[in-house]
Amino acid sequence: MKASSLVPVDLDRPRELVPLKARRLNLHTQREAIAIVNRDCTIARSEGLTERARVQLRHGDRQVIARLYQVEDDLIAPDEIGLSEIVWSRLALETDGNVTLHHPRSLNSMSALRSKVYGHRLDARHAGAIFRDIVEGRLSDVQTSAFITALASQPPAASEIVALTEAMVAIGDRLAWPGNVVVDKHCVGGLPGNRTTPIVVSIVAAAGLTIPKTSSRAITSPAGTADTMATMTRVDLSGEEMSKVVEKEGGCIVWGGGVDLSPADDLLIRVERELELDCTSQMVASVMSKKIAAGSTHVLIDIPVGPTAKVRSAADAEELIAYMKSVGDAFGLKVETMISDGLQPVGDGIGPALEARDVLAVLECRRTAPQELRQRGLGLAAAILEMGGAYPPGKGKDAARAMLDDGRAMAKFVAICEAQGGFRRPERAGFRHVIECKRAGHITTVDNRRLARLAKLAGAPRSPSAGLELHVNIGDPVDRGQPLITLHGESIGELEYALDYYRANCDLIEERAR
């Protein structure tokens, strides 16, 4: 029998990877990294890569974890790899380039993630492993969803929230400001039209305090502060650009995702939006990590409470306050809270541009401005002015009102917008529909969640000028045929979606006869 010949293989020598030609697909997928190859791609075959596999892509010293898809036609040649915009950007590719394709390393965070799914608490080390893999794109949306769901299904614990916060802060950038006092405010959300931040920042900065405000885009609501501000100025500033604005004007109102203060949180928010889920542990860690990373020393937290707000009872609010203060104590951050009325929307508009118009009406002291928005903004600004030491206790409200009434707040708001990229007035939607009252009576209750749903079906926040205007408040008398709501949409189709929902939920605003 003839002996077979063996070819020696040096397993210690690194295997050379054959590159593929990168092709830009102009495919916008938010932050989801996607790569596409031809089914006849020999490299994908040799690596044993199948549809929807997680793959590692490299170009020079840069690398990205992406989801792999395959096509059968000539959209992508066998020696090419098509890349979504986020992959193209992260790899810093020019007009052309080569990319290597291979299996990613094993996930160190999976044991920690499984531990969380089974109900165990995370410490900062294990939370950090999960967040690092999320930021580096190593965890899929399915795995990230499992992590968020596991957090939401378990009662919060102060020690774990502190650990989550510590892990988030450690991954992102941290800002530092001159002086011993840097103030900030945050609203836990869940109340449509509660767009007090631009008003508060304008007053506080006009008073001479430093207030570098980073805000989120909408998660489950029709508008976030960043969405509203984006209808009036640029909000996607880098950390360096943000610092220049604050140095010049004393304050800013920018999108937190552009500053990279808590990159893990921004990715979690994207998945939370898809799940329409707010997790208390994640929410507290999210808020506090961004305040700490932004260099704040004093933070005021606004907590609206109501049966259809995010926080439904005083007991829930007190529990949330305890978690916020626990994190503040752990990081040397002074935290004060304010429980506010969450029974109904604060402004008249719900949706980015509509809320922006309410903000401008208050800052310009127009007679038609929503008075609840004005008063709430003044109350929050007064508390921050006193907390930050600009005015003694009891004097903040008069000072805030004076700065609003004499135009200093509006001038500061315009100056901040100009420093961020230019001030512009929000656009109006091209289509509107008025919903009228069907019978006489009084407005007794307002369902915030259904109003938010109605505004989202009209197109908000994806369509910035879409949403709704609310013409009545709790306690108002109404007559048959009186306007209740004006829907705003950027297309007839979106208005029809909203109207279909309203017709199926005619108790959106309950009217009870006198």
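Only heavy atoms go into these numbers, but all of them, side chains included; no hydrogens, no water, no symmetry mates.
- When atom types are taken as modelled, the side chain of Glu355 and the backbone of Asn194 share no donor-acceptor pair closer than 3.5 angstrom.
- Here the shortest heavy-atom pairing between Ala466 and Ala460 reads O-CB, 3.6 Å.
- A donor-acceptor contact shorter than 3.5 Å is absent between the side chain of Ser281 and the backbone of Ile161.
- Formation of a donor-acceptor pair under 3.5 Å by the Asp329 side chain with backbone atoms of Ser326 is not found in this model.
- For the pair Arg376 (side chain) and Asp341 (backbone), a donor-acceptor distance under 3.5 Å is present.
- Without hydrogens or angle criteria, Lys412 side chain to Glu249 main chain gives a donor-acceptor distance under 3.5 Å.
- A donor-acceptor pair is defined here as one N or O able to donate and one able to accept, closer than 3.5 Å; such a pair exists between the side chain of Thr308 and the backbone of Asn448.
- In plain terms, the two heavy atoms of Ile148 and Leu275 that are nearest each other are CG2-CD1, 4.3 Å.
- A donor-acceptor pair under 3.5 Å links the side-chain atoms of Arg449 to the main chain of Ala309, judged by distance alone.
- For Asp406 and Arg408, the salt-bridge test passes: some basic side-chain N is under 4.0 Å from an acidic carboxylate O.
- At least one side-chain heavy atom of Pro304 sits under 4.5 Å from a side-chain heavy atom of Asp302.
- The shortest side-chain heavy-atom distance between Val169 and Lys290 does not fall under the 4.5 Å cut-off.
- For Ser109 (side chain) and Ala112 (main-chain N/O), no donor-acceptor pair under 3.5 Å exists by modelled atom type.
- Inspection of the Ser115 and His126 side chains reveals no N or O donor paired with an N or O acceptor under 3.5 Å.
- When side chains are defined from C-beta on, Ile301 does not count as touching Met338, because their heavy atoms never get closer than 4.5 Å.
- With a 4.5 Å cut-off on side-chain heavy atoms, Thr196 and Thr225 do not count as touching.
- For Arg234 and Glu241, the salt-bridge test passes: some basic side-chain N is under 4.0 Å from an acidic carboxylate O.
- Judged by distance alone, with hydrogens and angles left aside, the side-chain atoms of Ser153 form a donor-acceptor pair with the main-chain N or O of Ala150 at under 3.5 Å.
- The pair Arg462-Glu494 counts as a salt bridge, with a side-chain nitrogen and a carboxylate oxygen less than 4.0 angstrom apart.
- Closest heavy-atom contact between Ala409 and Ile203: CB-CG1, 3.8 Å.
- Atom CD of Glu240 has 12 or fewer heavy atoms from other residues, nucleotides or ligands within 6.0 Å.
- Of all the heavy atoms in Pro461 and Ser221, the pair that sits closest is CD-O, 4.0 Å.
- Between the side chains of Asp316 and Ser313, at least one donor N or O lies within less than 3.5 Å of an accepting N or O.
- Side-chain contact between Cys417 and Met229: present, with at least one pair of heavy atoms (C-beta onward) separated by less than 4.5 Å.
- Within the 4.5 Å cutoff, no side-chain heavy atoms of Arg374 are placed close to those of Arg366.
- In this structure, the separation between CG on Leu470 and CG on Leu354 is 11.5 Å, given to the nearest 0.5 Å.
- Nearest approach of Gly128 to Ile171, heavy atoms of both residues: O-CD1, 4.1 Å.
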- Item | Stepwise side-chain contact (heavy atoms from CB on, under 4.5 Å) check, Ser215 with Val254 | CA-CA 6 Å; Ser215 299; Val254 303; over 6 Å; no
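- A donor and an acceptor atom, one from each side chain of Thr197 and Lys185, are located under 3.5 Å apart.
- Crowding of Phe331 atom CZ: a count of heavy atoms from other residues, nucleotides or ligands under 6.0 Å exceeding 12.
- Looking at heavy atoms from C-beta onward, Gln154 lies in side-chain contact with Arg121 at the 4.5 angstrom threshold.
- In plain terms, the two heavy atoms of Gln482 and Pro477 that are nearest each other are OE1-O, 3.9 Å.
- Glu160 has a carboxylate O that lies under 4.0 Å from a charged side-chain N of Lys116, or vice versa, which qualifies the two as a salt bridge.
- Side-chain contact, Glu490 with Ser465: a donor N or O sits under 3.5 Å from an acceptor N or O.
- No side-chain donor-acceptor contact under 3.5 Å links Glu136 to the backbone of Asp133.
- Contact annotation: the side chain of Ile86 never approaches that of Glu32 to less than 4.5 Å [non-hydrogen atoms, C-beta and beyond].
- Atom CD of Glu427 is surrounded by 12 or fewer heavy atoms from other residues, nucleotides or ligands within 6.0 Å.
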- Task: Quick one: do Val284 and Met324 satisfy side-chain contact (heavy atoms from CB on, under 4.5 Å)? Show the steps, please.
- Result: CA-CA 6 Å; Val284 175; Met324 296 276 192; 4.1 Å; yes
